[in-house]
Amino acid sequence: MNPRRESRRHRSVVHQVTDAQPSLTDDIRRRERSYLIKMGIRLVCLLLAVAVPAPWPIKLLLVAGAVLLPYVAVIGANQRGKDVPPAQDMTSPNQNEIPRHRREIGS
């Protein structure tokens, strides 16, 4: 029998953790990227409002974008990841708890 094929059968199963929170580094990287994109859009709005000869409603819209985007960017950057599961309710008993009649060792 092929030893490679035999070793594949006896390998341990790799389980995925689906309810784990993203790492802090990944979360910070995601928030920084989002902040930089929003501030880049703000810079473009500000430059277009000053440099492009456009009608005043368009300039007003660009200035509004340049004024409001920093607020949106900071709120988004301070928001923790959306994938974070809610905190467990510690007031109700755990549904995975071992029943009381089976708690003793050796039963």
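Not measured: the values here are computed from a predicted model.
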Cut-off 3.5 Å, no hydrogens considered: what does the side-chain donor-acceptor table look like for residues 61-78, sequence neighbours left out?
unit_1 : atom_1 : unit_2 : atom_2 : d
Asn78  : ND2    : Val74  : O      : 3.4

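Between the CG atom of Leu24 and the CZ atom of Arg29 there is a distance of 10.5 Å, given to the nearest 0.5 Å.
Ionic pairing of Asp26 and Arg30 is not present here: no N-O contact between side-chain nitrogen and carboxylate oxygen is shorter than 4.0 angstrom.
Within the 4.5 Å cutoff, the side chain of Ile28 has heavy atoms near those of the Arg31 side chain.
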Task: CA sep, side-chain torsions, deciding dist, call: Lys38, Ile41, side-chain contact (heavy atoms from CB on, under 4.5 Å) - done: CA-CA 5 Å; Lys38 290 173 187 168; Ile41 294 170; 5.5 Å; no
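Residues passing the side chain to side chain contact (heavy atoms under 4.5 Å, CB included) test with Pro55 are Pro57, Ile58, sequence neighbours excluded. By the side chain to side chain contact (heavy atoms under 4.5 Å, CB included) test, Leu43 is found to be paired with Leu47, residues two or more places apart in sequence or in another chain being considered.
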